[in-house]
Amino acid sequence: MKTAQSIPILMYHHVSPSPGLVTVSPATFHAQMAWLAKHNYRSIGTDDLAAFLNGKPLPEKSVMITFDDGYLDNYLYAHPVLQAFGLKAVLFIITGWLGEGEPRHLPHPYSKKVGAGETAYHPPLTPSHRTCMEKIAAGQADEVMLRWSEVAEMKAAGSFEFHSHTHTHQRWDRLIGDPQARRIKLAEDLAASRAALEAHLGSAAPHLCWPQGYFDADYQAVAHSAGFKHLYTVNKETCTAKTPIAAIPRVVVKDRADGWFGRRLWLYRHPMLTRAYLALRGS
């Protein structure tokens, strides 16, 4: 068995028909997952990555699929596709934004009669990223974010595993000037996130993704004290066996259907080429 030199860690946010920031269309996501399946990629979980970073070999075509925040569209559009192709993803959820209630499902594709024998497609409303942020700020998070019942369904299906993206998604470095006060608020935030994960899922693993990718030495120290050891960033790199577990890089996935996805996977599987590419781009 050929083993992986490095593990590309893909980063998604939205899979939605509503275009916008950090969004991939359902058609593009389906095509990307189909490409992974066709080319015999294995989607790994956080336990696999932790083992790889501890020296355990993984198959050559290993990839980690990650999502940030926990939007409803992840359940409606990404979850069925992952199931269809036998793939799994890691979702870092903002635990304080998730709500209660029954799972929501996609309606039948042809849900409304138009005329004699005619029908029209009416997909459910999954707003743009900007609208999602506006609704969350207005206290309407349940319209755009996951419910814990949906999280449970996705976990049981094996399409997603769930970890912390903090409880409030706050950038405490921008809100609090005093370093000690900032550390206290971050510690409270992480404790609340861990408690929510334990209450709803039964456990909280030591994997944490930073809001907006921001962290510093103080953030890392607080996270370690809170029990989080594997810390995920938005740093542009590929993950090798020498990658520090406190600064795990990821690859932003774009809404492109021109062969970009396959080329980027190939590049990020080769660490020397990745470093040369990023140096050339000045990243």
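It should be emphasised that the depicted structure is a prediction, and the values quoted were computed from it without experimental measurement. In what follows, residues are counted from 1 in the order of the sequence shown.
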Exercise for review: First locate atom CD1 of Ile7, then atom CE of Met64, and finally report the distance between them rounded to the nearest 0.5 Å.
Suggested key: 8.5 Å
Exercise for review: Taking the side chain as every heavy atom from C-beta outward, state whether Tyr71 and Val22 have any atom pair closer than 4.5 Å.
Suggested key: no
**Study point:** Donor-acceptor contact below 3.5 Å, side chain His39 vs main chain Trp35
**Key:** yes
Review point. Among Ile94, Leu197, Ile93, Asp189, whose side-chain contact (heavy atoms from CB on, under 4.5 Å) with His167 holds?
Key: Asp189
**Study point:** ring-ring contact (aromatic ring centres under 6.0 Å, His included) between Phe92 and Phe67, worked out
**Key:** CA-CA 6 Å; Phe92 296 104; Phe67 283 75; over 10 Å; no
Review point. With Ala152, which residues qualify under side chain to side chain contact (heavy atoms under 4.5 Å, CB included), at least two apart?
Key: none
Review point. How about Tyr232 and Trp210: are their ring centres within less than 6.0 Å of each other?
Key: no
Exercise for review: Assess Arg183 against Tyr219: is NZ or CZ under 6.0 Å from the centre of the six-membered ring, and within 45 degrees of the ring's axis?
Suggested key: no
Point to revise | Residue pair Asp69 / His13: nearest heavy atoms and the distance that separates them | key: OD2-CD2, 3.4 Å
Study note, to complete from the structure: By side chain to side chain contact (heavy atoms under 4.5 Å, CB included), Thr243 pairs with (sequence neighbours left out) Leu53, Cys239, Thr240, Pro249
Review point. Are side-chain heavy atoms of Ile65 and Val90 found at a separation under 4.5 Å?
Key: no
Check your understanding: In Å, rounded to the nearest 0.5 Å, how long is the span from CG of Leu190 to NZ of Lys185?
Key -> 12.0 Å
Exercise for review: Spell out, yes or no, whether Ile9 and Val24 are grouped together once hydrophobic residues are joined by side-chain heavy atoms under 4.5 Å, including indirect joins.
Suggested key: no
**Study point:** For the student: nearest non-hydrogen atoms of Asp255 and Thr28, plus distance
**Key:** OD1-OG1, 2.6 Å
Practice item. May I ask you to test the Lys38-Met33 pair for a side-chain heavy-atom distance under 4.5 Å? Key: no
Point to revise | Salt-bridge contact Asp173-Arg182 (side-chain N to carboxylate O under 4.0 Å) | key: no
Review point. Mind checking whether Leu87 and Val81 sit in one hydrophobic cluster, side chains of I, L, V, M, F, W, Y counted as touching below 4.5 Å?
Key: yes
Review point. So do the side chains of Thr95 and Trp148 get within less than 4.5 Å of each other, counting heavy atoms only?
Key: yes
Review point. How are the rings of Tyr75 and His105 set to each other: parallel, tilted or perpendicular (split at 30° and 60°)?
Key: tilted
Point to revise | Residues Glu161 and Lys88 bridged, charged N to O under 4.0 Å | key: no
Review point. If you round to the nearest 0.5 Å, how far is NZ of Lys2 from CD of Glu60?
Key: 5.5 Å
Check your understanding: At their closest point, which heavy atom of Asn74 faces which heavy atom of Phe160, and how far apart are they?
Key -> O-CE1, 4.2 Å
Review point. Judged by atom type as modelled, is there a donor-acceptor pair below 3.5 Å linking the side chain of Glu150 to the main-chain atoms of Arg104?
Key: yes
Review point. Does CD in Gln180 sit with more than 12 non-hydrogen atoms of other residues, nucleotides or ligands closer than 6.0 Å?
Key: yes
Point to revise | Leu201 and Phe162, any side-chain heavy atoms less than 4.5 Å apart | key: yes
Check your understanding: Between the main-chain N or O of Thr126 and the side-chain N or O of Ser18, is there a donor-acceptor pair closer than 3.5 Å?
Key -> yes
Check your understanding: Name the one of Asp68, Asn235, Thr233 that satisfies side chain to side chain donor-acceptor pair (under 3.5 Å) with Arg250?
Key -> Asp68
Exercise for review: For Leu82 and Ala89, work out which heavy atoms get closest and say how close.
Suggested key: CD1-CB, 3.8 Å
Review point. Got Asp142 and Gln140 here, is their nearest side-chain heavy-atom distance under 4.5 Å?
Key: no
Exercise for review: Taking the side chain as every heavy atom from C-beta outward, state whether Leu98 and Arg147 have any atom pair closer than 4.5 Å.
Suggested key: no
Check your understanding: Does Ala221 offer a backbone N or O that forms a donor-acceptor pair with the side chain of Ser225 under 3.5 Å?
Key -> yes
Review point. Under 3.5 Å, is there a donor-acceptor pair between the side chain of Arg263 and the main chain of Asp258?
Key: yes
Review point. Just how far is it from atom CD1 of Ile44 to atom OG of Ser62, taken to the nearest 0.5 Å?
Key: 5.5 Å
Practice item. Kindly say whether His14 contributes a backbone atom to a donor-acceptor pair with the side chain of Ser16 at under 3.5 angstrom? Key: no
Review point. Are Asp48 and Arg42 ion-paired here, with the side-chain N under 4.0 Å from a carboxylate O?
Key: yes
Review point. Can you get from Met133 to Leu21 by hopping between Ile, Leu, Val, Met, Phe, Trp and Tyr side chains that sit under 4.5 Å apart?
Key: no
Review point. Got a second to check how far Gln5's CD is from Leu58's CG, nearest 0.5 Å?
Key: 13.0 Å
Check your understanding: Checking Lys229 side chain against Ala246 main chain: does a donor-acceptor pair fall under 3.5 Å?
Key -> no
Practice item. For Arg130, look at atom CZ and say whether over 12 heavy atoms of other residues, nucleotides or ligands are found less than 6.0 Å away. Key: no
**Study point:** Same apolar cluster: Phe261 and Tyr277, side chain cutoff 4.5 Å
**Key:** yes
Review point. Does Arg275 have any side chain to side chain contact (heavy atoms under 4.5 Å, CB included) partners at least two apart in sequence or in another chain, and if so, which?
Key: Glu237, Pro271, Met272
Check your understanding: If only atom types and distance count, is the side chain of Arg269 paired as donor or acceptor with the main-chain N or O of Lys61 below 3.5 Å?
Key -> no
Point to revise | Close side-chain approach of Asp218 and Leu186, heavy atoms under 4.5 Å | key: no
Exercise for review: Of all the heavy-atom pairs spanning Gln220 and Phe215, show the shortest one and how long it is.
Suggested key: NE2-CE1, 3.4 Å
Exercise for review: Return the minimal non-hydrogen interatomic distance between Val144 and Cys132, and the atom names on each side.
Suggested key: CB-SG, 3.7 Å
Exercise for review: Examine distances only and state if a side-chain atom of His169 and a backbone atom of His165 form a donor-acceptor pair shorter than 3.5 Å.
Suggested key: no
**Study point:** Any donor-acceptor N/O pair, Asp73 side chain to Val15 backbone, under 3.5 Å
**Key:** yes
Review point. Roughly how far, to the nearest 0.5 Å, is OG of Ser6 from OH of Tyr268?
Key: 10.5 Å
